[in-house]
Amino acid sequence: MQKQGKKSISGATWVSLCLIVLVYVLVFIAEQVLPPTSMLFTVLKKGATYALIAVSMNLLNGFTGIFSLGQAGFMLIGAYVYAVFTIPLSQRMSVYQYYDGGIVQFTLPIFVAMILAGLVAAFFAFLIGLPVLRLKSDYLAIATLGFAEIVRAVFQWDKLGPLTNGSNMLRMFPNFNNFNLTDAEGHVTVYLSTLIPFLISGVCIALIVLLIHSGYGRALQAIRDDEIAAEAMGINLFHHKELSFCISSFFAGVGGAMLAMYQTTVQAKSFTSAMTYEILLIVVIGGIGSVTGSVISSFLFVACSEWWLRFLDEKQMIGTFEVPLLRNGFRLVVFSVVIMIVVLFFRRGIMGTKELPDLFRKRKGART
Amino acid sequence: MKEPVLEIRHLTMQFGGVVAVNDLNMHIDEGEIVALIGPNGAGKTTAFNCVTSVYEPTNGAVIFRGMPIARNHPSGRMRKFYAGKEIDAFSGHVVHNTPDKITELGIARTFQNIRLFKGMTAFENVLTAMHLRRRSNVFTQMLHLNGQEEAAMRKETDRLLEIVGLTDVKDEMATSLPYGKQRLLEIARALATKPALLLLDEPAAGMNPQETEELSAFIRRIKEQFSLTVLVIEHHMNLVMDISDRIYVIDFGKLIAEGTPEEIQQNPAVIEAYLGGDVD
């Protein structure tokens, strides 16, 4: 009885699910076979992290129509909460060397700390949302951007040192490599350092997708489509925007914790607004309003910036001929041009508003 | 005498020096279809927006089933250049709601310039409007544990679409529907909020004569079927004369006449203001 009213899961959805499972299997196999230092894993780990953050931003920008630029701020909060609560007690003295070991003298399990990271980020989002979400479009963007900058400054404040280690970096906390299974002598038996981030990211993104396809998700999309009509249909604008803002920030916080694990160190000054723009760029390239697009473009973006275009930064010789222009920094020039081309020719992003199952559906024109 | 469903008392809406609605008094009894007519710019939609709390009236009160849903009096700077009447009649507590609250209380509306949710299909448009009546919270919905409720809502949506005759286009994007069907979809969406009072803002705008005729029958039918009370703003005289039990006529924000369709057709003030003295 329960299932009856739900749309029965279509063939296209099954194909998509199988494809996703296949990706996970491939990641798992690759990790066991290829050397762990391979650039592929760097890209996959960072890609998975960015995918989650990009999807969380897409929930706000693409599905609720709130143009927020505070993502870096919430990532920072998430990263710090995670780091502060997971540094092993034995290492605290050396990490907090200027602050007598800090004031937090206990550690939380990794996953508890990650959830806490999300919750704290969501709590800050709730507080900042109270005044800020009454603003519209550009004003909201500026206010959230300002918030992110303030957070960055506050976390570096000397007086908060016992908690945040001031402007010094936090390190020694468990990172992705801790997910690898080891035998008694410390040799890695099963590599999981890429698969686990994939799983975390996958579960979070799945939750966001489920939200988007629920009644609340439709209400949020109604707000995006027409605020006045949404309100006239009994959707409380403020409550729903606040909800979307908190949920988005929760996942941005979890994403921040993952970023901390990826980087193995955390320092507030690296969470600049440029980081928000990177995420925004990913969302735009992927397609505003497409979760699939955000995920795909995260991996493409990370792969381009970290891996595929690296050769442009080094001198290359073809025979005895030295290829001109290739020197440090040239990568960024090419990268910018690539982005411009993408934006010019895929004006609505790679995916538009399509999702993965839409690609396997026969085109009836019913959904565009 | 029974209590009216909606009562508007001395409603005045002043934007700066412009008095858009001036001392409007209306009442709508249960089960009635009442029309509010007037020339362009007479303040009909403004009155509508005051009822639905899109605007906060400058003075006066709106009472829905005996409960004030909007109530205000000129204060502060407005008091100085207030141009309406009854300046002190509504001093005391101020009542102001948000539009979503009004809808929750049971007043649904459609829009003069159609405002459907553009990114959604016809079906989703109606389904979204049921969000208001959900009892499950965001977490159970996120995990899709509200299957029964969702199923009931989808069934109800199908029923509503069948009633307005849009079943065959339910999976089309709302904006790709022809104009007349978009209007019907807006009505279906309003009905999905389970209203007691339905406000229709120019439902026949952009419809051809045949569609208009169908619309009058349709409005009567849904009124009976959902035991609604209807307030309609309209320009099409045929439609208004056909469906209304009573008519209010406003011009320059002021009520100039009220009565049955026959009385209004005979009223010289209306003929002069509305029909420009040209009677055929």
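Note: hydrogens, waters and symmetry copies are ignored here, and every other heavy atom, side chains too, is used. Everything numeric in this text was worked out from a predicted model, so none of it was measured. Labels below follow one simple rule: chain letters A, B, ... track the order of the sequence lines, proteins then strands, and each chain is numbered from 1.
- Interface remark: B:Arg134 contributes side-chain atoms only to the contact with chain A (heavy atom separation under 4.5 Å).
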For B:Arg189 and A:Met233: C-alpha separation, side-chain torsions, deciding distance, then whether side chain to side chain contact (heavy atoms under 4.5 Å, CB included) applies. CA-CA 8 Å; B:Arg189 193 179 64 173; A:Met233 291 306 121; 3.7 Å; yes
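- Shown here for A:Glu231 and B:Thr98, the closest heavy-atom pair between the two residues is OE2-CB, 4.3 Å.
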Please evaluate residues B:Asp100 and A:Leu237 with respect to the criterion side chain to side chain contact (heavy atoms under 4.5 Å, CB included), reporting the C-alpha separation (whole Å), side-chain torsions for both, the decisive distance (0.1 Å), and the verdict. CA-CA 8 Å; B:Asp100 58 280; A:Leu237 291 185; over 6 Å; no
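- Within 6.0 Å of CD in B:Glu30 there are 12 or fewer heavy atoms belonging to other residues, nucleotides or ligands.
- Counting heavy atoms from C-beta on, the side chains of B:Glu124 and A:Gln221 never come closer than 4.5 Å.
- Residues A:Ala229 and B:Phe117 approach most closely at CB-CE2, 3.8 Å, considering heavy atoms.
- At a 4.5 Å heavy-atom cutoff, the contact between A:His240 and chain B is made by side-chain atoms alone.
- Dense packing is recorded around CZ of B:Phe15, with more than 12 heavy atoms of other residues, nucleotides or ligands lying under 6.0 Å away.
- Residue A:Tyr24 qualifies as enclosed at atom OH: its count of foreign heavy atoms under 6.0 Å is above 12.
- Contact annotation for A:Ala230: both backbone and side-chain heavy atoms come within less than 4.5 Å of a heavy atom of chain B.
- Using a 4.5 Å cut-off between heavy atoms, B:Lys155 does not touch chain A at all.
- For a residue to count as touching a neighbouring chain, one of its non-hydrogen atoms must lie under 4.5 Å from one of that chain's; by this rule B:Asn137 touches chain A with the backbone only.
- No more than 12 heavy atoms of other residues, nucleotides or ligands lie within 6.0 Å of OH in A:Tyr139, so this atom counts as exposed by the packing criterion.
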Step-by-step side chain to side chain contact (heavy atoms under 4.5 Å, CB included) determination, B:Leu116 to A:Asp225: CA-CA 8 Å; B:Leu116 290 167; A:Asp225 284 347; over 6 Å; no
Test side chain to side chain contact (heavy atoms under 4.5 Å, CB included) on B:His131 and A:Arg218; report intermediate values, then the result. CA-CA 8 Å; B:His131 182 62; A:Arg218 280 191 296 271; over 6 Å; no
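- Heavy atoms closer than 4.5 Å to chain A are found in the side chain of B:Thr193, but not in its backbone.
- Remark: A:Phe123 CZ is loosely packed, at most 12 non-hydrogen atoms of other residues, nucleotides or ligands lying under 6.0 Å away.
- Looking at B:Ala129, the atoms closer than 4.5 Å to chain A (heavy atoms on both sides) sit in the backbone and in the side chain alike.
- Remark: side-chain polar atoms of B:Thr103 are paired, donor with acceptor, to backbone N or O of A:Ala232 under 3.5 angstrom.
- Distance check: A:Tyr216 OH to B:Thr128 OG1 gives 13.5 Å after rounding to the nearest 0.5 Å.
- Distance check: A:Asp226 CG to B:Arg115 CZ gives 4.5 Å after rounding to the nearest 0.5 Å.
- In this structure, no portion of A:Ile212 lies under 4.5 Å from any heavy atom of chain B.
- Rounding to the nearest 0.5 Å places OG of A:Ser214 at 9.5 Å from CG of B:Leu143.
- Counting heavy atoms from C-beta outward, B:Gln141 and A:Leu211 have side chains that stay 4.5 Å or more apart.
- No more than 12 heavy atoms of other residues, nucleotides or ligands lie within 6.0 Å of CD1 in A:Ile228, so this atom counts as exposed by the packing criterion.
- Between B:Met120 and A:Ala222, the shortest heavy-atom contact is CE-N, 3.4 Å.
- When heavy atoms are compared at a cutoff of 4.5 Å, B:Ser176 does not approach chain A at all.
- Atom CZ of B:Phe218 is surrounded by more than 12 heavy atoms from other residues, nucleotides or ligands within 6.0 Å.
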